[in-house]
Amino acid sequence: MTDTGSDRPITEAIEAMELIHSADLSPQGTLAAWSLSRIEGEAEHRGLYLGKVTEPGEAALTLKFGDSDHTPSFSPDGSRLAFLSHDGPVVRIVVVRLADAPDFDFDVLMDPDAPARSVSGKPVWSPDGRRIAYSATLRDRPAGAPYRITRAIGWVDGIGLVDDSTADIFVYDLDTRTHTRLTNDEWVNSQPTWLPPAARPGSGSGSGEGPSAPAGPARIAFRAGLGPQEWRLSTAAVRSVDADGVDGAVTEHLRTDDILSLAAVDGGRIAVTSSGTRQRSRGRLFTLDPADAAADGPGSPGPVDRSAGLGLDLNGDVLGDIAIPFMDVDPRLLVHAGDALLRVHVEDRLEVHRIALEGEPRAEAVLAGPGCFYPLAVAGRRLLYATGTLDSPPDLWVRDLDSGEDVRLTDTATHNRACAVPCTVTTFRVTADNGPSVQGKFLRPAAATGALPTVLLIHGGPKAAYGEAYVTDAHLLCDAGFGVLMVNPRGSRGYGTDFADAVIGDWGNDDFRDLMAAVDLAVGEGWADPERLGVAGLSYGGYMSSWIVGHTDRFRAAVIENPLTNFSSMYGSSDVGLSFLPAVLDALPHTDPERYWNLSPISMAHTCTTPTLLIQGEADHRCPPEQGKQFYSVLRRSGCVAEMLMLPGAAHEGSISGPVPARRAQNEALVDWMTRYVKAAASRL
């Protein structure tokens, strides 16, 4: 048996990679702007580049402003580019005239009356190019000052204290150089979109104007979430407001439990999508007419489901673990020629489909294949997209929507391949206990032979999937000489609603059997050494890893990151506890406390003998630190070998996109723990 691993520092290959962060396409479809990220020392740096779509081989032009420039946005005439730039904790909008190349004059859109304003999301140009709408947070509470919580959800993962992070919609006038605040309502308002004239409703102030007054002001629609009285994290509203700030009244058009994104549509309507992450649901596409009364009002026609009967799961979630925002569930809704262009989850892949916004429901695949495809921008007949695989992070391409011809814009893949040890991927199917067919993948170093020390890597969610998306942890382990087993057990997304909902009220049973069947297959095929097995995962993957080591001793080691270990205590401590846990357990803690206890890994932690490393983000509000600490304490009390690695400043996905020291510490700890307790274990082969 040959066991191949690298002698380089554990994180060297990963930290040498170049990753596409964000991108946009000019309205003429002739230019593309993109941000490229690299890790340098203790920080992630992002540089901005400009390239010609019609001359992809020509060297891209660098727009050097700050150390972290990203999220480009072309003006409607293509003459200017707005982008975001970090300055410490503050994110600012910067505008540059492209005709000045290469000697750019950068215009920073700062409000002297609000120096702590921090912008989030893409800057959105008005149709005439004279104004920019944006979402921003004003932080004015002194650091360390006492505060009072009156919200049902006081803290949210990745945001922190909600009262400090509420965001409002602003408009910047480039002629007068003035900022106008349009909302001030203690919600987190985001995704502004300029409504066409036909979408101008009445003032909403009881003036008696008709619902579509032609002389009404320009309006901006936006998504409002995390309201002061909302106890469901996913509850959100579609609202609109006067873009001039004259009429401060906000009109609400739709409020429901799952709104991911919105975009203006010709004819005065708004397209809206849901994420599909909730139980017993899939991602969907709606249209609504803002000229109507509130969608839930008497006699209102309400939103129209444009995805009904199509059998598609929109806005899917094939999980990677690299810091590329559009690889996550992405609030991007592209509209082109009367259709929406959206990504669709199909097993272990993401495709891009064109879905009709009017007429009979209709869908057509635009981009499909062995990888994952991410639509980023559309202009004229061209679609800017990114595509990647489990072997390679995404690069940028442009598709001619008429001819189907593709042009490649970036080639980070060549650079990134030179950084890592090559690996091979085997895709397989397995069935456990007469259950459904389950898909999985086995990664191994390309030069390795025979049965390898193997880590079962379990994805989060559980309503997500591993597939054709780059997973850093898997490649680090391959680089160190391990085989890596990645499985989509029952509860995963991409295989239909019945498959995804199969574990509701019964975590740790059918999903456990599916995972063990995959391990048995890997051992039976001679891929994995049965005496050298490890298990690891984050979030739900942390839950299953915790459950596994309490129910079997076949694994030599476990690395459990940001886990759910006690349903009862998580109900009141997690940002999703009040809504997510009753949905996945099909019960409330006070109506079925036995189910909450019996399905909690903490209930069997005292029986665990597997050497276990807990990794916990200190700023995790999804699976709070108390979850990992409880499990760790019981392990130590029962005499199990256990350690705990705390990551300051890291949220739930802090080891993926958080502070570089947190990412590095997790990478190193995972490989070190598995090397100590799995790779070094004696094999009987």
Side-chain angles (χ1 to χ4, degrees), residues 13-41 43-75 77-86 94-107 122-123 322-327 371 373-389 391-400 403 405-420 470:
I14 295 299
E15 295 187 9
M17 295 176 72
E18 296 180 343
L19 302 174
I20 302 297
H21 176 274
S22 48
D24 195 26
L25 186 66
S26 70
Q28 298 77 20
T30 56
L31 294 175
W34 64 89
S35 178
L36 194 69
S37 68
R38 304 177 182 88
I39 290 178
E40 299 177 11
E44 182 177 12
H45 294 263
R46 303 185 186 110
L48 206 59
Y49 299 86
L50 190 69
K52 295 180 180 179
V53 172
T54 53
E55 301 177 40
E58 185 175 305
L61 187 65
T62 302
L63 285 76
K64 178 61 177 174
F65 176 72
D67 291 331
S68 184
D69 302 333
H70 57 93
T71 316
S73 177
F74 283 97
S75 64
D77 64 359
S79 67
R80 291 165 292 177
L81 185 73
F83 61 91
L84 302 186
S85 183
H86 278 73
V94 181
V95 174
V96 61
R97 293 186 179 275
L98 300 181
D100 296 338
D103 300 318
F104 295 110
D105 183 16
F106 296 96
D107 184 12
K122 186 176 180 179
I322 48 179
I324 298 180
F326 60 75
M327 289 182 66
F373 296 88
Y374 310 92
L376 300 179
V378 64
R381 68 178 190 275
R382 294 189 173 114
L383 170 66
L384 174 67
Y385 69 94
T387 183
T389 66
D391 284 334
S392 181
D395 266 308
L396 294 177
W397 294 72
V398 171
R399 161 69 60 92
D400 187 307
S403 68
E405 180 183 357
D406 290 304
V407 174
R408 185 170 193 154
L409 290 184
T410 65
D411 185 15
T412 63
T414 297
H415 169 84
N416 293 337
R417 276 195 300 268
C419 299
Y470 194 88

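Just so you know, these numbers come straight off a predicted model, no measurement behind them.
Looking at heavy atoms from C-beta onward, Phe83 lies out of side-chain contact with Asp24 at the 4.5 angstrom threshold. By the 4.5 Å heavy-atom criterion applied to side chains, Asn416 and Ser392 are not counted as neighbours. The shortest distance between side-chain heavy atoms of Thr410 and Leu36 does not fall below 4.5 Å. By the 4.5 Å heavy-atom criterion applied to side chains, Ile20 and Trp34 are counted as neighbours. Using a 4.5 Å heavy-atom cutoff, the side chains of Val378 and Leu383 are in contact. For the pair Val94 and Asp69, the minimum side-chain heavy-atom distance is 4.5 Å or more. Residues Pro394 and Phe326 are in side-chain contact: their nearest non-hydrogen atoms beyond the backbone lie under 4.5 Å apart.
Among all heavy-atom pairs drawn from Gln28 and Gly78, the shortest one is OE1-CA, 3.9 Å. For the residue pair Ala323 and Pro325, the shortest heavy atom distance occurs at O-CD, 3.9 Å. Of all heavy-atom pairs between Ser73 and Pro123, the closest is OG-O, 2.8 Å. The heavy-atom pair separating Ala379 from Pro27 by the smallest distance is CB-O, 3.4 Å. Looking at every heavy atom in both residues, Cys419 comes nearest to Met17 through SG-N, 4.4 Å. The nearest pair of heavy atoms linking Leu61 to Pro102 is CD1-CB, 4.2 Å.
A donor atom on one side chain and an acceptor atom on the other are found under 3.5 Å apart for Asp77 and Ser79. Between the side chains of Arg46 and Ser68, at least one donor-acceptor pair of N or O atoms lies under 3.5 Å. A donor and an acceptor atom, one from each side chain of Thr412 and Glu18, are nowhere located under 3.5 Å apart.
For the atom pair OG1 of Thr71 and CG of Leu84, the computed distance is 4.5 Å after rounding to the nearest 0.5 Å. Rounding to the nearest 0.5 Å gives a distance of 9.5 Å between CD of Glu405 and CZ of Arg399. A distance of 12.5 Å separates OH in Tyr385 from CG in Leu25, rounded to the nearest 0.5 Å. The OG atom of Ser37 sits 6.5 Å away from the CD1 atom of Ile324 when rounded to the nearest 0.5 Å. Atom CD1 of Ile14 and atom OH of Tyr470 lie 4.0 Å apart (nearest 0.5 Å). We find the CG-OG distance between Leu81 and Ser75 to be 8.0 Å, quoted to the nearest 0.5 Å.
When the shell of 6.0 Å around CD of Glu58 is examined, it contains more than 12 heavy atoms from other residues, nucleotides or ligands. Heavy-atom contacts from other residues, nucleotides or ligands closer than 6.0 Å to CZ of Arg408 number more than 12.
Looking at Thr389, its side chain does come within 3.5 Å of a backbone N or O of Asp391 through a donor-acceptor pair. A donor-acceptor pair is defined here as one N or O able to donate and one able to accept, closer than 3.5 Å; such a pair exists between the side chain of Asp395 and the backbone of Ala413.
Applying the ring pair (Phe, Tyr, Trp, His ring centres under 6.0 Å) criterion to Phe104, with sequence neighbours excluded, gives no partner residue.
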Evaluate the criterion side chain to side chain contact (heavy atoms under 4.5 Å, CB included) for residue pair Asp107 and Arg97; output intermediate values, then yes/no. CA-CA 9 Å; Asp107 184 12; Arg97 293 186 179 275; over 6 Å; no

Checking Arg382 against Thr54 for the side chain to side chain contact (heavy atoms under 4.5 Å, CB included) test, could you report, in this order, the C-alpha distance in whole Å, the side-chain angles of both residues, the deciding distance, and whether it holds? CA-CA 11 Å; Arg382 294 189 173 114; Thr54 53; 4.0 Å; yes

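The aromatic rings of His21 and His70 sit perpendicular, their planes meeting at an angle over 60°, well past the 30° parallel limit.
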